[in-house]
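Notes to accompany the following structure.
Every chain is numbered from 1 and lettered A, B, ... according to where its sequence line falls, protein lines coming before strand lines.
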There are 2 protein chains.
Amino acid sequence: MIDKAIQALTEPRRRDILHLVRYGELTSSAIASHFDVTAPAISQHLKVLEEAGLVVVRRAGTKRFYGIRREGFTELMHYIESFWDDSLMRLKEAAEEEERRKHDHNQQQ
Amino acid sequence: MIDKAIQALTEPRRRDILHLVRYGELTSSAIASHFDVTAPAISQHLKVLEEAGLVVVRRAGTKRFYGIRREGFTELMHYIESFWDDSLMRLKEAAEEEERRKHDHNQQQ
DNA sequence: TTGTTATTTAATTTGACACTAAATTAAGCG
DNA sequence: CGCTTAATTTAGTGTCAAATTAAATAACAA
């Protein structure tokens, strides 16, 4: 799913769509009206975003309202953290080791 | 730069590279040895990652050591938050309002 | 300088994907 | 049912990017 989420964010137009629905649900056509591409193009983007778990759709009659799926973004955040919070941990450990060394040094004096 | 960072993360192989250098710097060839693609392919991936601000390179003789650039990832985190932290903020404010209401209630007792 | 190692650049092929137009599904209304 | 609206699916096309081979650069050692 993470793979799909990152893949989905690749396309600038899909990121624009996400920013559009950030504050509330919008229909497919309402979203399409903000762009100069055809409705099918937007529909395809929405499908990608939905399969990536970044948006949810709510059907009401012939309309479909698209909105942000927050869990999708929290998962994404955790994944991105996986690239660097370990390095932070190492820095922290190095600092503690340094601190411990200083402490031992003081005791020897 | 954010565009480039997301674009860079699209490719699964580049994400694997990032996970490889997570714990410390590695040379281009050391990285390449983990994959079944040619060295030039890895070199090109590293270039993309560098231009995206996700890795830094340190030259030492004929070798080039690649390592994580943490700031690149924090920028990315902030960008991803931009899709949903507003909703979180609203939740937080609602919670605070709830808390305030409880507090007032207690004072009244 | 010549050779060797480490790595990148250049040129090319191949495959993926964003777009469009046309056809299709699905819901509601006369 | 037939019509309209809302939206998607399908099929075809053009563009871009990832991989490869071959050539070039860069640092060091003999």
Side-chain angles (χ1 to χ4, degrees), chain A residues 1-21 24-69 72 76 83, chain B residues 1-21 24-69 72 76 83:
Chain A
M1 196 63 130
I2 285 294
D3 271 53
K4 282 190 175 179
I6 291 173
Q7 183 71 30
L9 284 183
T10 305
E11 171 60 41
R13 184 109 49 206
R14 282 196 285 266
R15 301 208 294 275
D16 290 342
I17 291 175
L18 288 172
H19 272 137
L20 266 181
V21 299
E25 296 175 323
L26 288 177
T27 63
S28 184
S29 52
I31 294 167
S33 70
H34 284 84
F35 302 99
D36 55 357
V37 293
T38 59
I42 297 301
S43 179
Q44 285 161 12
H45 282 314
L46 289 170
K47 188 181 181 185
V48 172
L49 288 171
E50 193 189 355
E51 287 177 349
L54 296 177
V55 301
V56 281
V57 61
R58 177 174 64 82
R59 301 175 73 143
T62 69
K63 296 184 178 178
R64 303 195 190 180
F65 290 88
Y66 286 87
I68 286 284
R69 179 171 172 271
L76 201 52
F83 288 113
Chain B
M1 196 63 130
I2 286 294
D3 271 53
K4 282 189 175 179
I6 291 174
Q7 184 69 33
L9 284 183
T10 304
E11 171 59 41
R13 187 121 31 217
R14 282 197 285 266
R15 302 207 293 275
D16 291 342
I17 291 176
L18 288 172
H19 273 136
L20 267 181
V21 300
E25 296 175 323
L26 288 176
T27 62
S28 184
S29 51
I31 294 167
S33 71
H34 284 83
F35 302 98
D36 56 356
V37 293
T38 58
I42 298 300
S43 179
Q44 284 161 12
H45 282 313
L46 289 170
K47 188 181 180 185
V48 171
L49 288 171
E50 192 189 356
E51 286 176 351
L54 296 178
V55 302
V56 281
V57 60
R58 176 175 64 82
R59 302 177 71 144
T62 68
K63 296 183 176 178
R64 303 196 189 179
F65 289 88
Y66 287 87
I68 285 284
R69 180 171 171 271
L76 201 52
F83 289 111

Item to check | Distance below 4.0 Å between B/Lys47 side-chain N/O and C/dT9 OP1 or OP2 | outcome: yes

Item to check | Side-chain N or O of A/His45 closer than 4.0 Å to phosphate OP1/OP2 of C/dC17 | outcome: no

Checklist entry - B/Ala41 side chain: which of C/dT7, D/dA19, D/dA7 is closest? => result D/dA19

Checklist entry - A/Ile17 has an atom CD1; how far is it from atom C1' of D/dA7, in whole Å? => result 14 Å

Checklist outcome for this item: Per nearest nucleotide of DNA chain C, the residue lying toward the 5' end, A/Arg64 or A/Val48, is A/Val48

Checklist entry - Given atom CG of A/Leu46 and atom C1' of C/dA18, what is their separation to the nearest angstrom? => result 14 Å

Next on the checklist: With a 4.0 Å cutoff (strictly under), does any side-chain N or O of B/Arg14 reach OP1 or OP2 of D/dA18?
Outcome noted: yes

Next on the checklist: Ignoring hydrogens, what is the shortest heavy-atom contact between B/Val48 and B/Ala8? Give both atom names and the distance.
Outcome noted: CG1-CB, 3.9 Å

Next on the checklist: The side chain of A/Pro40 is closest to which nucleotide in this list: C/dA22, D/dA26, C/dT9?
Outcome noted: C/dA22

Item to check | Option passing side-chain hydrogen bond (donor to acceptor under 3.5 Å, both in side chains) with A/His45 (candidates A/Arg13, A/Glu50, A/Arg14) | outcome: A/Arg14

Checklist entry - A/Phe35 has an atom CZ; how far is it from atom P of C/dT20, in whole Å? => result 13 Å

Next on the checklist: Among C/dT7, D/dA7, D/dT20, which nucleotide has an atom closest to any side-chain atom of B/Thr27?
Outcome noted: C/dT7

Checklist entry - Checking all strands, does A/Ser28 fall into the base, sugar-phosphate, or nothing category for heavy-atom contacts under 4.0 angstrom? => result sugar-phosphate

Next on the checklist: So which atom in A/Arg15 and which in B/Phe83 form the shortest heavy-atom distance, rounded to 0.1 Å?
Outcome noted: O-CE2, 3.5 Å

Checklist entry - Which of these nucleotides, C/dA18, C/dA10, D/dA18, is closest to any side-chain atom of B/Gln44? => result C/dA10

Checklist entry - Looking at A/Ser29, does any N or O in its side chain come under 4.0 Å of the phosphate oxygens OP1/OP2 on D/dA7? => result yes

Next on the checklist: Using whole Å, what does the distance between atom C1' of nucleotide D/dT20 and atom CD1 of B/Ile42 come to?
Outcome noted: 13 Å

Checklist entry - Which atom names give the shortest non-hydrogen contact between B/Lys4 and B/Ala52, and what distance separates them? => result O-CB, 3.5 Å

Item to check | Candidates B/Leu26, B/Ile31, B/Ile17, B/Leu49 - the one meeting side chain to side chain contact (heavy atoms under 4.5 Å, CB included) with B/Tyr66 | outcome: B/Ile31

Item to check | A/Thr62 vs D/dA7: side-chain N/O to OP1/OP2 distance below 4.0 Å | outcome: no

Next on the checklist: How many whole angstroms separate atom CD of A/Gln7 from atom C1' of D/dA17?
Outcome noted: 12 Å

Checklist entry - Could you give the CZ-to-P distance, from A/Arg13 to D/dC16, as a whole number of Å? => result 14 Å

Checklist outcome for this item: Taken to the nearest whole Å, CG/B/Asp36 to P/D/dT20 is 8 Å

Next on the checklist: Categorize A/Tyr66 for me: base, sugar-phosphate, or nothing, with a 4.0 angstrom heavy-atom threshold over every strand shown.
Outcome noted: sugar-phosphate

Checklist entry - How many Å lie between CD on A/Glu11 and C1' on C/dA18, as a whole number? => result 7 Å

Item to check | Closest nucleotide among C/dA26, C/dT7, D/dA6 to the B/Lys63 side chain | outcome: C/dT7

Item to check | Interatomic distance, A/Leu46 atom CG to A/Ile42 atom CD1 [nearest 0.5 angstrom] | outcome: 6.5 Å

